[in-house]
Structures are given as structure tokens and as C-alpha cells.
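Have a look at the structure below before the remarks.
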Protein chains: 2
Amino acid sequence: MQLFSFFSSSTAFRVRIALALKGADYEYQAVNLRAGEQHQQAFLDRNPSGNVPALVDGDFNLGQSLAILDYLDSRYPEPRLIPADTIQRARVLELVNVIACDIHPVNNLRVQLYLKNILGVTEAQKNAWYRHWVAQGLDVVERLLARQEDTPYCFGTHPTLADCCLAPQVWSAARAGCDIAAYPRIDRIYRHCMAQPAFIQAAPEQQADAPQGG
Amino acid sequence: MQLFSFFSSSTAFRVRIALALKGADYEYQAVNLRAGEQHQQAFLDRNPSGNVPALVDGDFNLGQSLAILDYLDSRYPEPRLIPADTIQRARVLELVNVIACDIHPVNNLRVQLYLKNILGVTEAQKNAWYRHWVAQGLDVVERLLARQEDTPYCFGTHPTLADCCLAPQVWSAARAGCDIAAYPRIDRIYRHCMAQPAFIQAAPEQQADAPQGG
């Protein structure tokens with residue numbers, strides 16, 4: 001199995017966590033998003049979405065991180081990351097989609113480039129935009145988490161897809177200077193996750209294409 | 001069951017199609033997004049995401065359209081909208097996520113309002129933004145569809161979650177003046193879908209909160 005990834009991509013980070021939790025072997029293929037390698041024809045032929053992550057499993061090519069995560073949960077059922085129970089599953093997917101639809105897409109690289117290059121917004125306006133959507137989205141996540149008792153991971157004592165998505169989003173937001181301490185449950189779950197071997201192994205700074213010295 | 005919806009919301013439209021395909025009975029609760037009703041505290045208490053659709057099933061409240069669609073597919077298994085087969089399922093979810101993550105979130109109401117009210121972009125710039133992300137996303141969808149033989153729906157002779165997401169996105173894009181004929185497979189699948197009873201029943205213009213006369 002090959003994973004096409006970029007060290008600091010939060011969507012690739014999601015998939016790396018799942019692969020690490022499942023102990024699945026894979027070959028890391030770096031795609032330098034800053035150099036535009038995702039737009040090369042050979043890459044697009046394999047992955048029409050033109051972004052990372054992309055998974056190659058034999059002759060099967062798959063793009064879109066949430067589709068890849070669902071595929072991996074079916075292909076490597078242990079440990080299960082998407083609960084089988086209808087209600088538990090719904091709760092996990094609700095939180096996942098706040099991150100995957102309401103926070104990440106509005107702030108990813110291609111949107112930031114459009115704001116800067118086409119609309120000509122200032123660096124300060126771009127940063128305010130980023131922080132606005134992070135704050136709005138993490139506020140929703142915090143309220144979703146507060147509906148239940150406090151647990152080490154988002155939903156209980158074992159990681160789920162929610163943790164695979166939350167940790168990379170918080171990592172990116174913290175790196176961009178957002179105040180994570182304003183969200184006590186998120187902050188605690190994030191710290192717990194990032195102390196676990198699978199999350200450490202999947203972290204951006206541990207990847208082959210990460211700049212030396214962080 | 002109650003569905004909190006707004007007639008022209010493409011994410012609520014997704015869920016209405018699934019409910020119609022499954023023949024599930026529900027009560028329609030209109031939330032006027034243009035009047036900001038999604039920000040009222042009583043609504044937020046039920047649905048922290050603060051948007052539509054939201055589903056209430058007994059004492060269970062659920063937000064996020066993709067989580068709701070997965071829940072409905074578990075709660076009302078016939079007809080199945082997310083295939084059980086690992087590969088087929090992955091293909092459906094890949095296409096769904098191009099729409100749900102790469103097209104819709106960047107163009108929804110709250111983003112358009114931020115562009116206009118905070119960044120002060122012109123109407124022409126806002127329309128160019130909308131068309132840019134639709135064109136980029138539909139181009140990916142068209143290429144994903146072109147990898148397989150031509151079928152009435154996105155994946156075969158029966159509707160899946162892919163059709164539940166594609167039809168509303170195309171409806172919105174066409175309404176905003178995007179050229180759908182530029183994507184022949186999408187155009188043909190969209191026309192096929194919108195001629196089916198479940199899609200007609202779920203269409204924006206058929207909802208109780210749609211303006212009279214369209």
C-alpha cells in the first residue's frame with residue numbers, strides 16, 4: 001500500500017493516524033503541495049481530486065481522506081474507528097463532519113491562495129479569515145463534546161475517526177496561532193491523543209518530507 | 001421524525017432525497033436561513049452546528065448532512081444508499097466527499113456573507129469565486145465518473161449517496177448560472193435524477209417554505 005502525503009497536510013495526517021492505529025504497513029510517497037506537485041498529470045490520472053491524501057492499494061486508487069478512512073476501517077477492521085452502533089456512529093460522524101466540512105475546506109491551501117492571489121486580501125485579513133472559521137468550528141466541536149461525560153478520547157476510552165480528524169485540525173490551528181486553551185475539552189483530548197504512539201508516529205514532524213529541525 | 005430544513009439549502013436537499021427514496025415519514029420544520037433563524041438559541045441547543053439540515057428522531061438530535069445520511073441508511077436500510085461492498089462504497093464516498101468537502105463548504109451562505117460583509121468583495125468577485133470552486137469540483141466529479149461505463153445514476157442503475165449529493169449541488173450551480181452542459185456525464189445523470197419521483201418530491205420548489213411561483 002502507498003500513501004501519497006504531504007507532511008503538514010491535516011487531511012493526510014488523519015489517514016496516517018488511522019494507518020498507525022491499525023498497524024498497517026505502507027510506503028510513504030511525498031507530494032510537495034507548496035511546489036504544486038499535486039497538479040502534475042501523472043498524479044491527477046491516479047487521483048482526479050488533485051490533492052493529498054491519496055491511497056494506492058494494489059490496482060485500486062482512492063482519493064478523499066474520509067473515503068480513505070472508511071475504506072481502511074473496512075479493510076483493517078481492528079481497531080474499529082467508525083463504531084457499528086447506529087447512535088454512536090452518528091455521533092462520531094457528526095463531529096468528524098464539523099471538522100471535515102465546516103472548518104478544514106474553508107481554510108485549506110487552495111482557498112488561502114485564492115484569497116491572496118485573486119482577491120488580493122492582506123496577510124492580516126487572511127489570518128483573520130483562518131481564525132474566524134477555526135473559532136466558529138471548534139466552538140461547535142466543544143459543544144458537541146460537552147453533551148456527554150468527559151472521556152480520554154472524543155468518544156470514550158478508545159480512539160475513533162473523530163480523534164483522527166480532531167488532532168490534525170488542532171495541530172494546524174495551534175501552528176497558525178489559534179488559542180486552543182479556549183476549548184478545554186478539545187485541549188485535553190488533543191494533549192491525550194498527541195501523547196499516544198500512533199499519533200506521535202503520524203505527526204507532521206515525524207514524516208520523511210518534513211523540514212529538518214521542524 | 002422531524003427534519004429541520006430550508007428549501008434552497010443543498011445539504012437539506014440531500015437528506016430530503018434520501019428520506020423520499022426510503023419512503024420515510026417525517027415532519028418538515030422550516031428554518032429560514034436568510035432571516036438567521038439557525039442562530040437562535042433554541043435551535044443551537046438542539047443542533048450545535050447551527051445550520052440545516054438537523055434531524056430529530058425521538059429524543060435523538062443529529063446535525064451534519066453526511067452523518068444524517070449515514071444514520072438514515074442504518075435506520076432505514078432499504079433501499080441501501082451506501083453500498084456494503086468495500087470498493088463500491090469507497091467509490092461512492094470519494095465522489096460524495098468531492099462535493100461535500102471540496103465544493104459546497106467554500107460556497108455556502110456563511111462564506112458568501114463573509115466575503116461580502118467582512119472582505120468587501122464586489123458582487124462580480126463573489127460570483128467568480130462561486131463559479132471557480134464549482135468548475136474545479138465538477139471537473140473532478142466528471143473525471144471520477146468517466147473512469148467507468150456510462151450508467152443512469154452515478155454508480156449503476158440505482159441511486160446511491162453520490163446521487164443524493166450530486167443532484168442538489170448541480171441544482172444550486174445551475175441556479176447560480178454555472179454551465180452544466182460542460183460536464184456531459186454530470187448533466188445526463190442530473191437530468192435522469194431530477195425526473196425521478198423521489199428527487200422531484202425533495203426538490204426545493206416543492207417545499208412548504210419555498211416562495212410561491214418559484
Subject >> Considering all heavy atoms, the nearest Val140(B)-Pro48(A) contact >> reply: CG2-O, 3.4 Å
Subject >> Proximity breakdown for Val98(A) and chain B, heavy-atom pairs closer than 4.5 Å >> reply: both
Subject >> Pairs of heavy atoms under 4.5 Å with chain B: top-ranked of Leu66(A), Leu62(A), Leu44(A) >> reply: Leu62(A)
With 3.5 angstrom as the limit, list the donor-acceptor pairs from chain B to chain A, or say none if there aren't any.
from      : atom 1 : to        : atom 2 : distance (Å)
Asn61(B)  : O      : Arg91(A)  : NH1    : 3.1
Asn61(B)  : O      : Arg91(A)  : NH2    : 2.9
Gly63(B)  : N      : Glu94(A)  : OE2    : 2.9
Gln64(B)  : NE2    : Asp102(A) : OD2    : 3.0
Asp70(B)  : OD1    : Arg89(A)  : NE     : 2.6
Asp70(B)  : OD2    : Arg89(A)  : NE     : 3.4
Asp70(B)  : OD2    : Arg89(A)  : NH2    : 3.1
Ser74(B)  : OG     : Thr86(A)  : OG1    : 2.6
Thr86(B)  : OG1    : Ser74(A)  : OG     : 2.6
Arg89(B)  : NE     : Asp70(A)  : OD1    : 2.6
Arg89(B)  : NE     : Asp70(A)  : OD2    : 3.4
Arg89(B)  : NH2    : Asp70(A)  : OD2    : 3.2
Arg91(B)  : NH1    : Asn61(A)  : O      : 3.1
Arg91(B)  : NH2    : Asn61(A)  : O      : 2.9
Glu94(B)  : OE2    : Gly63(A)  : N      : 2.8
Asp102(B) : O      : Arg110(A) : NH2    : 2.7
Asp102(B) : OD2    : Gln64(A)  : NE2    : 3.0
Arg110(B) : NH1    : Gln136(A) : OE1    : 2.7
Arg110(B) : NH2    : Asp102(A) : O      : 2.7
Gln136(B) : OE1    : Arg110(A) : NH1    : 2.7

Original post:
What part of Ile87(A) is in contact with chain B, defined as an atom under 4.5 angstrom from a non-hydrogen atom: side chain, backbone, both or neither?
Top reply: both
Subject >> Top contributor to chain B interface from Leu95(A), Val111(A), Val121(A) [non-hydrogen pairs under 4.5 Å] >> reply: Val111(A)
Original post:
What pairs with Ala203(B) under side-chain contact (heavy atoms from CB on, under 4.5 Å), at least two apart in sequence or on another chain?
Top reply: Phe13(B), Met194(B), Glu205(B), Gln206(B)
Original post:
Between Val96(B), Leu119(B), Val106(B), which residue shows the highest count of heavy-atom pairs closer than 4.5 Å to chain A?
Top reply: Leu119(B)
Original post:
Of the non-hydrogen atoms in Pro105(B) and Cys101(A), which two are nearest, and what is the gap between them?
Top reply: CB-O, 3.0 Å
